[in-house]
K.L.:
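Dropping a structure here in structure tokens format, bear with me for questions.
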Amino acid sequence: MSQSDPTTAAGRHHAPRTVSEPHGIQAHIVGCGTTPVGKLGARPSTLMRRALERALGQAGLPLRQLDGLVAIPSLAEPHFMEAHFLATQMGLLPRKDVIVRTIDTGGAGPITGLLEATRLVHQGWCDVVAVVAGDAVSSLSREEFLRRADQTCRDPEGELPSPVIPHGYDRVAQWQMRTYGTTREQLALCSVLMSRMAARHPDALTRKPHTLESVLASAQVAPVTSTLECARRADGGAAIVVASDRFLSQIGHTRPSVIVVGGGEASGPLYPPPVIDEDMFSCEEACATAYAEARLNVGDIDFFGLYDCFPICLVRAVEAVGLAAKGEGGRWIEQMAERTRSDDWNPADVPVNTHGGLLAYGAPWEVPAMYNVIEAFAQLTGQAGSRQIPDARRALVYGNGGIFSASAVAILQRA
Ligand code: CAA
């Protein structure tokens, strides 16, 4: 199914919002870095710095080479103007030639940040931009985490109980079940599938695949959501470095890189409206814009890094990117679960979230979409080990913020 028509299911038609290069400058992702995920006991800003050091290390660039920094704020240690805080702490400021921006589109932040870094490079404003995120939500107590998380997406007039975010997604999951016949088991299979993926990633939190029975039997969090169907709370940092082709050729950079060939962003309400319908979703719009800009469609993509904070998010994403028709996302997940039943499945047959996503790799609040980018980078540069999709050339990465409140999509291509 092609998604290149920018008219959404809701009938909205948008003007293209482009990340394409007006001055003929190309933006390359040249380095990625992560810290471990888990309960780390370190401050988010420390995790951001560690991840950035690793990303710069992979790129082979010193910190002083950065002339742009985009940072995503944390929940555990929020700062006014996060990027300025970090840049000042690291000694990147004061400097007149550095552009520093904080982006808060929730879990979409890393992809919005990647698109912003790409624009800064395309406009010729910056040559080397880092995008950084880090959080320590696992090191917060349950009570403190929920106190902060519940405030983020609570409808002041609404009645969503705590935990607000799982209940918000649960409402949408129930709607999808009623509207399209998605089954409870298909939702639970999202977690089974992601845990099978994670089991192949040495850094993932979930080491042992779940069974359908274990997911359904785990503690109930909301009417159709169990604990094992929640984004797996974790601490962690992640960063990428984006550089211009003119800078890379100046310094004779020859390491593997990935270019950004399309992007799209769209917005939905902060919390589910009283009546849920197709209008509240924004991923379709963001995907359509990204495909149109890249002049590609679903058949051209070899790897998909899709946001999966709860099963319904993954189900909607596989529909939005065009892997499944509208309403068929649950069936598609079921088919993928069938394909991965035996241990020797081929990653090319299930080219989604080969790292395990939020459900199984780990979910440090607004960081995880960066893992989608980092896994895409690994796939496109042939460094994904036993998860490698042979000859992967193009990837689509998607981040989602709030409760379907922000969608950002980027299409990446091996340079
Ligand atoms: N897979 C495997 N194990 C999991 C898991 C998963 N997906 N989720 C939780 N667990 C495990 C935990 O690791 C923990 O194991 P241990 O006891 O061995 O440590 C156990 O299950 C219990 O989990 P919690 O410690 O988290 O349990 P809790 O009772 O403190 O809280 C909860 C339960 C309220 C459901 C909490 O887990 C929660 O709120 N999760 C959702 C987090 C969340 O909302 N993240 C944001 C998603 S939305 C988004 O990403 C968009 C955005 O803009 C940020």
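Hydrogens, waters and symmetry mates are skipped; everything else that's a heavy atom, side chains included, is used. Indexing begins at 1, ligand by ligand and atom by atom, following the structure's order.
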K.L.:
Have a look at ligand 1 and work out which part of V221, if any, has a heavy atom under 4.0 Å from it: side chain, backbone, both or neither.
P.N.:
side chain

K.L.:
For ligand 1, which atoms, with element, lie under 4.0 Å from some heavy atom of G106?
P.N.:
53 (O)

K.L.:
If you take the centroid of each ring, where Trp contributes its six-membered ring, are F404 and W175 closer together than 6.0 Å?
P.N.:
no

K.L.:
Relative to the ring of Y398, is the ring of Y307 parallel (under 30°), tilted (30 to 60°) or perpendicular (over 60°)?
P.N.:
perpendicular

K.L.:
So how far is it from S138 OG to R232 CZ, rounded to the nearest 0.5 Å?
P.N.:
8.5 Å

K.L.:
Do the charged groups of E144 and R148 touch, with an N to O distance under 4.0 Å?
P.N.:
yes

K.L.:
Below a 4.0 angstrom heavy-atom separation, can you tell me which part of L228, side chain or backbone, both or neither, approaches ligand 1?
P.N.:
both

K.L.:
Determine, considering heavy atoms only, which of F310, Y361, Y307 sits nearest to atom 51 (C) of ligand 1.
P.N.:
Y307

K.L.:
Run down the list G399, A231, G357 and name the one with the heavy atom closest to atom 41 (C) of ligand 1.
P.N.:
A231

K.L.:
So which bit of N400 gets within less than 4.0 Å of ligand 1, heavy atoms only: side chain, backbone, both or neither?
P.N.:
backbone

K.L.:
Going by heavy atoms, is G402 under 4.0 Å from ligand 1?
P.N.:
yes

K.L.:
With side chains defined as the heavy atoms from C-beta onward, is the minimum distance between V132 and I72 less than 4.5 Å?
P.N.:
no

K.L.:
What atoms in ligand 1 come closer than 4.0 Å to a heavy atom of C230?
P.N.:
6 (C), 7 (N), 8 (N), 35 (C), 40 (N), 41 (C)

